[in-house]
Amino acid sequence: MSAAPKRNATPTSRRRFLQDAARAAGACAVAGMALGKLATDARALPAQAIRPPGALPEEDFLAACIRCGLCVRDCPYDTLKLAELGIEGPATGTPYFTARDIPCEMCDDIPCVVACPTGALDHGLTNIDDADMGLAVLIDEEHCLNALGLRCDVCYRVCPVIDKAITLERRHNERSGAHAIFMPIVHSDHCTGCGKCEKSCVLPGEAAIKVLPRRVAMAEAADHYKLGWEDRNPMVDDIIDLPDRLPGPGTDNLAAPGGYLPDGMPDPSMDGGFTPSFELPGTGGAGQ
Amino acid sequence: MSEKTALPVGQEAIRDKGWWMAHRFLILRRVAQAFFLGLFLLGPWFGIWWVKGNLAGSLTFDVLPLTDPFVLVQGLVAQHWPEMTAIIGALIVGVVYALIGGRVYCSWVCPINPVTDAAHWLHDRLGLAKGWQPKRGTRYWVLGMVLVVSALTGTIAWEFVNPISMLHRGLIFGMGFAWTFVLAVFLFDLVVSRRGWCGHLCPVGAFYGLLGHGSILRVSAVKRSECDDCMDCFAVCPEMHVITPALRGADEDTPIILSPDCSNCGRCVDVCAPDVFKFTTRFDTTPAPARAVRRNKQRQPEASRAA
């Protein structure tokens, strides 16, 4: 038994071992970089591929989803599919749906989430109205029939969160001058991204209203922005005393524009000078 | 070496034991592979939903969750703590394979096994050279690489390329171009490296091998004294290095094949005419005297003809 370590300790075998280890490590580094490239590329989720309800953010999703397809099996409407290799979609084997083909029917019991064994679909989602699969966006106002002044209203009618996620906002029809436009407006705080509107849009081919991932569809207000009509609290605590604008000699008045005193007025005969065409009462003959 | 080595592999066993006894574990293995795949296909093909999901994760009879522990481990190093369902499923699978041999998965369940076996069959028929033979530890390097990439990218990294899931999920959920991965493995084993994928590279096999390191169920060369050096076991064994210590061991060496690389496929049991091998447990202490000393023969290149 003592022979083995002695044999391993010879310089040749040690060099051999180090060489083999270096070779294996190098090969693994190359293969690992290729695999890492695949893994990071897979994050580029196409905008039209919508994840099931409760799906974790994409960067967490690929660590959690084991691609078992149990959510697909328990979807009663065959909405969900597993992505197939080489066919445009998300990472191979992960679940998604295409709203224009089959939208999410927003089951009350959310069977896909219940079926997920790993929590890639967050089990904390128990009310489907809280789902956030994406956000519907009226993306083509040039072709939307309602935007043209017709009464299509289909997206509004099919919305499971009708009058909250999509409302019709009445506007004046400038083209006819005599009619109204009932503009579909999506409200991000209620839209679940189910895609029923996109599915039912009557236009042939692409829909005028589409569900997009929120990361694509939404902008973000800067931290310091404040909507004064929603939040009455002033930005600063102290009262700011702005100067009053009053007629008469002072910082800003018609008798002495720019605060010039009457005797300092530019000469009217010179270029850039002027003579006021009126006189204000009680200002002592301003403007001469 | 005896002139029997000239006979086609398994001929002697068929003659002495009959065709069935010389093929039973091979047939049983194919039946098991078809059975496990069939269970998953009952739903999508015939609407009988006994088993839902695939090898990565499944639910049987709506109560038994099963999860691939290797996939789960990758998820863990990618820093996702799974729901209890997946953990229970992985524990069940892990315990079972830890008892019956981790690489039982490879030879009795994995759908890629028939593919690489077919590649090996054709490889032999064409008489091709064995090609590139990576070091035995290579699969563990690949396993480590997969875990590192999983941790660095925060993804279950091997599932982007795993030919097992590509084939299995492809058959059950839709193939897309996943067949290209299967074809790549077939061609790799056929022309690049004999027994290359399952035998040297696949990190799934490496993981299951480690899992079954102390497994109970083992093959033992218990009647090694009757070995007649026909070399058929070496010819059929996909991991032939596991045989040597047991079969060629001295009296005090155990006849039990303890290497975690052994996939308990039982093919050696099939092809051995003198029935040297049998399935037993690792605790089996049946005395197994070594073969009569044949020093001169042992020095000969033992695996030269072996596949």
Side-chain angles (χ1 to χ4, degrees), chain A residues 16-17 20-21 23-43 56 58-74 80-89 91-95 113-124, chain B residues 43-44 49 52-59 65-68 71-72 74-89 134-135 137-138 140-142 144-146 148-150 152-161 165-166 169-170 172-181:
Chain A
R16 180 78 182 269
F17 170 78
D20 287 346
R23 190 176 294 151
C28 281
V30 173
M33 276 188 268
L35 188 60
K37 174 84 170 79
L38 278 177
T40 41
D41 279 1
R43 293 243 173 79
L56 300 176
E58 191 62 12
E59 61 269 24
D60 301 331
F61 190 78
L62 292 178
C65 175
I66 59 171
R67 311 167 187 210
C68 65
L70 288 176
C71 53
V72 174
R73 290 303 180 220
D74 281 10
L80 296 176
K81 290 180 289 188
L82 290 190
E84 295 179 17
L85 185 71
I87 293 168
E88 196 177 346
T92 307
T94 56
V113 171
V114 175
C116 179
T118 64
L121 307 183
D122 188 353
H123 287 212
Chain B
W49 294 104
K52 290 186 285 191
N54 56 36
L55 284 176
S58 64
L59 188 63
L66 295 175
T67 314
D68 182 348
V71 169
L72 205 71
Q74 291 174 75
L76 284 173
V77 300
Q79 296 187 355
H80 172 76
W81 185 254
E83 294 284 331
M84 199 42 83
T85 317
I87 297 173
I88 293 172
K135 289 263 183 302
T138 308
Y140 298 109
W141 282 93
V142 178
M145 178 270 286
V146 166
V148 167
V149 173
S150 290
L152 291 180
T153 59
T155 60
I156 298 174
W158 191 244
E159 289 308 293
F160 290 109
V161 291
S165 337
M166 292 286 176
R169 190 176 53 229
I172 297 167
F173 287 94
M175 187 65 84
F177 286 86
W179 57 268
T180 53
F181 278 75

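In what follows, every chain begins at residue 1, and chains take the letters A, B, ... in the order their sequences are listed. If you're wondering where the values come from, they're calculated on a predicted model, not measured in any experiment.
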### Query
So which part of A/Ala27 gets closer than 4.5 Å to some heavy atom of chain B, the side chain, the backbone, both or neither?
neither

### Task
Could you tell me which of A/Leu82, A/Thr94, A/Leu38, A/Thr40 has the largest number of non-hydrogen atom pairs under 4.5 Å with chain B?
A/Leu82

### Query
Can you name the closest pair of heavy atoms from B/Gly154 and A/Ala63 and give their distance?
O-CB, 3.2 Å

### Query
Nearest heavy-atom pair of A/Gly119 and B/His80: which atoms, and what distance?
O-CE1, 4.1 Å

## Note on the structure
Counting heavy-atom pairs under 4.5 angstrom with chain B, the leader among A/Cys68, A/Ala115, A/Ala83, A/Ala91 is A/Cys68

### Summary
Heavy-atom closest pair (A/Arg16 atom, B/Lys135 atom, distance to 0.1 Å) is NH2-NZ, 4.2 Å

### Query
Pick from B/Gly174, B/Gly89, B/Ala178: which one has the most heavy-atom pairs with chain A under 4.5 Å?
B/Gly174

### Message
Taking every non-hydrogen pair under 4.5 Å, which of A/Leu56, A/Val72, A/Asp20 racks up the most with chain B?
### Response
A/Asp20

### Query
Quick one: what part of B/Met166 sits under 4.5 Å from any heavy atom of chain A, side chain, backbone, both or neither?
side chain

### Task
Please determine, among B/Ile172, B/Thr67, B/Val146, the option with the most heavy-atom pairs under 4.5 Å with chain A.
B/Ile172

### Message
Is B/Thr180 in contact with chain A via its backbone, its side chain, both, or neither, using a 4.5 Å heavy-atom distance?
### Response
side chain

### Summary
Turns out that what part of B/Trp179 lies under 4.5 Å from chain A's heavy atoms comes down to neither

#### Entry: Contacting region of A/Ala21 [heavy-atom separation from chain B under 4.5 Å]
both

### Task
Just give me the residue among B/Asp68, B/Thr153, B/Ile88 that pairs up with chain A most often, heavy atom to heavy atom, under 4.5 Å.
B/Thr153

#### Entry: Most contacts with chain A, counted as non-hydrogen pairs under 4.5 angstrom, among B/Thr155, B/Val142, B/Leu59
B/Thr155

### Query
Would one find more than 12 heavy atoms of other residues, nucleotides or ligands at under 6.0 Å from atom CD of A/Glu59?
yes

### Top contributor to chain A contacts, counting heavy-atom pairs under 4.5 Å, from B/Ala86, B/Gly137, B/Ala157
B/Ala86

### Task
Counting only heavy atoms closer than 4.5 Å, note whether B/Lys52 contacts chain A via side chain, backbone, both or neither.
both

#### Entry: Part of A/Cys71 lying under 4.5 Å from any heavy atom of chain B
neither

#### Entry: Nearest atoms (heavy-atom pairs only) where A/Pro117 meets B/Glu83
O-CB, 3.3 Å

### Task
Starting at CG of A/Leu62, measure out to CD of B/Glu159 and round the result to the nearest 0.5 Å.
11.5 Å

### Distance in Å, A/Leu85 CG paired with B/Ser165 OG, rounded so as to fall on 0.5 Å steps
11.5 Å

### Query
Does any heavy atom of chain B fall under 4.5 Å from the side chain of A/Leu35, the backbone, both, or neither of them?
both

### Query
Do A/Arg73 and B/Pro44 come close enough that some side-chain heavy atom pair is under 4.5 Å?
yes

### Query
Under 3.5 Å, side chain of B/Asn54 to main-chain N/O of A/Arg67, donor-acceptor pair present?
yes

